[in-house]
Protein chains: 2
Amino acid sequence: MRDKEQTYKQIIETAFSMFSEKGFDQTSMANIAAEVGITKPAVYYYFKSKDDLIKGLFDIIAKEIQSITSIDLKEMNDTDLRTILYSLGKKAISLQKQNLQFNQLFNQYLLLAARDSYYSEKITEIQQKFFNTFYDLFKHAVKMKAIKDENILIKSQLLGLVFDNITNFILTDTKLDFDLVWREAVDNTLRGIEL
Amino acid sequence: MRDKEQTYKQIIETAFSMFSEKGFDQTSMANIAAEVGITKPAVYYYFKSKDDLIKGLFDIIAKEIQSITSIDLKEMNDTDLRTILYSLGKKAISLQKQNLQFNQLFNQYLLLAARDSYYSEKITEIQQKFFNTFYDLFKHAVKMKAIKDENILIKSQLLGLVFDNITNFILTDTKLDFDLVWREAVDNTLRGIEL
DNA sequence: GTCTATACAGCGATAGAC
DNA sequence: GTCTATCGCTGTATAGAC
């Protein structure tokens, strides 16, 4: 006999991989059910509609995204800003290369956001937090007298944009040396404001 | 009586605006036909399938994208690299704000690229050309003795990434001062290599 | 060259048995 | 909790009239 929690989890996991690979519209509730090994109505027992399943999955991955991009400011005490930024990028790049599905799926939600405020509001919030992470890091460095308090809002936003688009381009076939570009971005940003 | 060229053009234009607003899957051939004022089979007379229409539209906007991001190197003689880069960004930002549909549609093709090599190959080519535009600009500036020949490949790629993601974020509700961020990116990049 | 009419597959979703 | 069966609808696509 099948366990309820287990089935729920299996549906979510199957939806994640099928949605990310084939897209929302090319994945039917029947497809998901078949992959899990149950029938369509059984899926409807757990999710009252397809939209409900898509939203449920979003809430899960939205949480994961936040934890990936969050930085523990306590680390800052040990080491300098440049080193932290370097390793932040390195970590994100290798993580992203392993886990292409994740961004593939998230990009679909970005498209939905243009037509559904449920997604646009939450995604805006995620992006704002993401930029704040960089800003906080710079503010903290100022407080620690590691850098000058010069244009750090714009500088942190700039690094955020680079960081974000590096992870986007990893999905494509465009050949770029992401590690080098990230280091260049960090170096260019810090040049002139270091103490 | 309806003109053949005219009808074809109307279908393309209608497909462009409906696909960008509602998405490929939420726009049926019947929807497009109704909007144009003809019937569904009439659309099939011009495009043998929906995929065919989607591909046809892609080929058209792919050309437009190339012309937007291309720079005439002859301009370089009159003015300096910094000014060119500033105005390049300014132009793209205001263009993008007026023309949100365009990127909205292109992002859908980016998703298709993950599952269809027809798109991934052409998009990779577009992206490569895009980065080359920046690289050529830097190489030209080196030749004109405007900047040092120092890391210019990576620097041009970095600016390309910023440029591209600025146009992406214009689509979202995230509040960023794009003009300022772009100027900061240009300034950071040129600092230290100017002659 | 453009239409009407229609075939046919697949979708999301529900009723009701077990 | 999961099933069979089925509904209603919409989608792509085509045959054939005009």
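All heavy atoms count here, side chains included; hydrogens, waters and symmetry mates do not. Convention: sequence-line order gives letters A, B, ...; per-chain numbering from 1.
- By the 6.0 Å and 45° rule, A:Lys139 stacks over the aromatic ring of A:Tyr135.
- The listed nucleotides are D:dA15, D:dA5, C:dA13; the one nearest the side chain of A:Lys50 is C:dA13.
- Figure legend: A:Lys55 and A:Tyr118 shown as a cation-pi pair, the cationic atom lying under 6.0 angstrom from the six-membered ring centre and within 45 degrees of its axis.
- Note on A:Thr7: a side-chain N or O is less than 4.0 Å away from OP1 or OP2 of D:dT2.
- The listed nucleotides are C:dA13, C:dC3, D:dC3; the one nearest the side chain of B:Pro41 is C:dC3.
- No donor-acceptor contact under 3.5 angstrom links the side chains of B:Asn107 and A:Asn107, judged on distance only.
- In terms of position along DNA chain C, the nucleotide closest to A:Gln26 lies nearer the 5' end than the nucleotide closest to the other residue of the pair A:Lys48 and A:Gln26.
- In this structure, A:Tyr45 does not reach the C:dT14 phosphate: none of its side-chain N or O atoms is under 4.0 Å from OP1 or OP2.
- Between C:dC11 and A:Ser28, a contact under 4.0 Å exists linking OP1 or OP2 to a side-chain N or O.
- For A:Met29 and D:dT2, the CE to P distance is 14 Å, given to the nearest whole Å.
- Side-chain atoms of A:Lys40 come within donor-acceptor range of the base of C:dG12, with a qualifying N/O pair under 3.5 Å.
- Side-chain atoms of A:Tyr44 and A:Asp52 form no donor-acceptor pair, as typed in the model, at a separation below 3.5 Å.
- Between B:Tyr44 and D:dA13 there is a side-chain polar atom (N or O) within less than 4.0 angstrom of OP1 or OP2.
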